[in-house]
Protein chains: 2
Amino acid sequence: MQTIEELLESKNIRVTAMRLLIYKFLAEKDVAVTLSDIENAFEKADRTTLYRTVKTFEEKDIVHQIDDGTGITKYALCEKGCNCEIETDLHLHFHCNNCKETVCLTEHKIPQIKVPDGFVSENVNLVVKGICDKCSGQ
Amino acid sequence: MQTIEELLESKNIRVTAMRLLIYKFLAEKDVAVTLSDIENAFEKADRTTLYRTVKTFEEKDIVHQIDDGTGITKYALCEKGCNCEIETDLHLHFHCNNCKETVCLTEHKIPQIKVPDGFVSENVNLVVKGICDKCSGQ
DNA sequence: CAGTAATTGCACTTCCATTGCATTGATAAT
DNA sequence: ATTATCAATGCAATGGAAGTGCAATTACTG
């Protein structure tokens, strides 16, 4: 169990107040968030700073980007089971058509996808849309 | 074998010169196109008209929208094997990291994706990225 | 404590998607 | 045929998100 400071240092990222706050914000959310979500949570901070902080996290494999088809990029913390740098170890994402939230289904790996001869698969993005557990279970 | 006019009429869309031209343009492309692509092909026409024409086609299941992760919406004609209105009959899309083009792999159906209890799957979007046949086969 | 490099904030730009409104064009009724 | 009606088109403008340049600030190094 390492602290956030230790995590950032291990990735060669300077520890700043802003980064700690943004990391904590992401850590306490169990859904993927947009830049606007972060912006609303930190109205004092500048959009650009938030944008670049998230980009830095992304480069260092602290968060991963999610394209859930809404047209707005979302971000979520990479967790223990999420080896984003390994392209074959991608989990799927679920987008709820009801509450519009997107979650990582980390435990559900993407099955091997066959592509026609001549095509070389390097990466797979799989988004399942439907009704999430919170919205269906009432 | 029906004409384009008959197709449009069967979908209750008025046959106009613009729509015929745009349909033909889409029909002769074997890759998904952006609105800008269409715009470049029809410089005389207004962007809005092209936009709304494609939207109309989309509503009537003549074209389907593709989100290949580039952030730019692409469109492709629904073909015989493409029953877009039937959610369980979705094919996958392939985006080439080399030539940046996106194609529909209509013959490759998406395998059944299991989701956790409580989640209800209604729709699946699968984009495979890599190198396409044209770019790999030289 | 000074010097260097990275981080932050502000202003701006670009690109795509989308809408309002006036005008043109096509269908239906007289 | 002529007009009335409604859809389609074109023009202008807006909005949202992503991204960049530069100056000011903050954090590390010696």
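The structure presented is a predicted model; accordingly, all values stated were derived computationally and were not measured. Here is the naming used below: chain letters follow the sequence lines, and residue numbers restart at 1 for every chain. Values reported hereafter were calculated over all heavy atoms of this structure, with side chains retained and with hydrogens, waters and symmetry mates removed.
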Is B:R19 reaching over with its side chain to a backbone N or O of B:R14, donor-acceptor style, under 3.5 angstrom?
yes
How many whole angstroms separate atom CZ of B:F57 from atom C1' of D:dA7?
15 Å
Looking at every heavy atom in both A:F57 and A:L26, which two are closest together, and how far apart are they?
CD1-CD1, 4.3 Å
Between B:D68 and B:K100, does any NZ, NE, NH1 or NH2 come within less than 4.0 Å of an OD or OE carboxylate oxygen?
no
Side-chain heavy atoms of A:T73 within contact of A:I66, under 4.5 Å
no
Round to the nearest Å and state the distance from B:I13 atom CD1 to C:dT27 atom P.
14 Å
So, OP1 or OP2 of D:dA18: does either fall under 4.0 Å of a side-chain N or O from A:K55?
no
Roughly, in whole Å, what's the span from CD1 in A:I72 to P in D:dG15?
16 Å
Please report the distance, rounded to the nearest Å, between NZ in B:K74 and P in C:dC15.
17 Å
Rounded to whole Å, please give me the gap between CZ in A:R14 and C1' in C:dT8.
12 Å
Under 4.0 Å from any atom of DNA chain D, heavy atoms only: list the residues of residues 17-28 of chain B that qualify, in numerical order.
B:M18, B:R19
Describe the nucleic acid contact of B:T56 in one word from base, sugar-phosphate, nothing, applying a heavy-atom distance below 4.0 Å.
nothing
Which of residues 32-52 of chain A have a heavy atom under 4.0 Å from DNA chain D?
A:L35, A:S36, A:R47, A:T48, A:Y51, A:R52
Between A:D67 (CG) and D:dA17 (C1'), how many Å, whole number?
13 Å
Kindly say if A:T16 contacts the phosphate of C:dT8, meaning a side-chain N or O under 4.0 Å from OP1 or OP2.
yes
Walk me through whether A:T102 and A:H95 qualify under side-chain hydrogen bond (donor to acceptor under 3.5 Å, both in side chains).
CA-CA 4 Å; A:T102 300; A:H95 178 74; 2.9 Å; yes
Are A:H108 and A:H93 close enough that their ring centres sit under 6.0 Å apart?
no
So, the side chain of A:K109 versus the backbone of A:T106: is there a donor-acceptor pair under 3.5 Å, distance only?
yes
Degree of bending in the helix from C:dC1-D:dG30 to C:dT30-D:dA1 once both end axes are built from five pairs, to 10°:
20°
B:D46/B:R52 salt bridge by N-O under 4.0 Å criterion
no
Atom of B:D67, atom of A:G69 and distance for their closest heavy-atom approach:
OD2-CA, 3.0 Å
Keeping B:S36 on the side-chain end and B:E39 on the backbone end, is there a donor-acceptor pair under 3.5 Å?
no
Report yes or no: does B:K11 contribute a side-chain atom to a donor-acceptor pair with the main-chain N or O of B:K60 at less than 3.5 Å?
yes
